[in-house]
Amino acid sequence: RHGGICMRTVIISDVHGESAAFQELLEQIGFDRRENQLILLGDALDGGADACGTYLKIRALKEEMGERLVYIRGEHEQMFMDAELLTRGQLANGF
């Protein structure tokens with residue numbers, strides 16, 4: 001329960017930049033961003049037709065839902081972070 005409301009937990013993984021499909025899925029399951037909890041199991045942005053739109057949708061949901069949205073980084077996000085850190089380290093060290 002959250003504030004006297006019975007909260008439903010929705011778990012989604014591997015959206016892969018398909019913002020329209022992500023939005024359609026949320027609508028099909030009757031997701032209520034005011035009452036439900038959303039757990040995203042990573043791999044949300046890599047590939048797909050609209051990675052930027054997917055990011056903006058998740059960001060807007062996070063701002064609205066706060067702690068009721070949990071994002072767990074997937075291997076695709078980890079690969080991006082590893083590549084970014086490696087590049088920054090190379091630049092900082094003159095490689």
| query | For the atom pair NZ (Lys57) and CD (Gln23), what is the distance rounded to the nearest 0.5 Å? | reply | 4.0 Å
| remark: Shortest non-hydrogen pair, Thr54 vs Ala44, comes out as CG2-O, 3.5 Å
| query | Take atom CD in Gln28; do more than 12 heavy atoms of anything else shown fall under 6.0 Å from it? | reply | yes
| Transitive ILVMFWY cluster of Ile72 at side-chain heavy atoms under 4.5 Å: who else is in it? | Ile11, Ile39, Leu41, Val70
| note | For Tyr55, the other hydrophobic cluster members (4.5 Å side-chain criterion, sorted by chain and number) are Leu45, Leu56
| request: Each residue besides Leu38 in its hydrophobic cluster should be listed here, by chain and number; the cluster joins Ile, Leu, Val, Met, Phe, Trp and Tyr at side-chain heavy-atom distances under 4.5 Å. | output: Val10, Ile12, Val15, Phe22, Leu25, Leu26, Ile29, Phe31, Leu40, Ile58, Leu61, Met65, Leu69, Tyr71
| request: Taking all heavy atoms of Asn36 and all of Arg68, pick out the closest pair and write down the distance. | output: O-NH1, 2.5 Å
| Separation of Ser19 OG from Glu24 CD (nearest 0.5 Å) | 11.5 Å
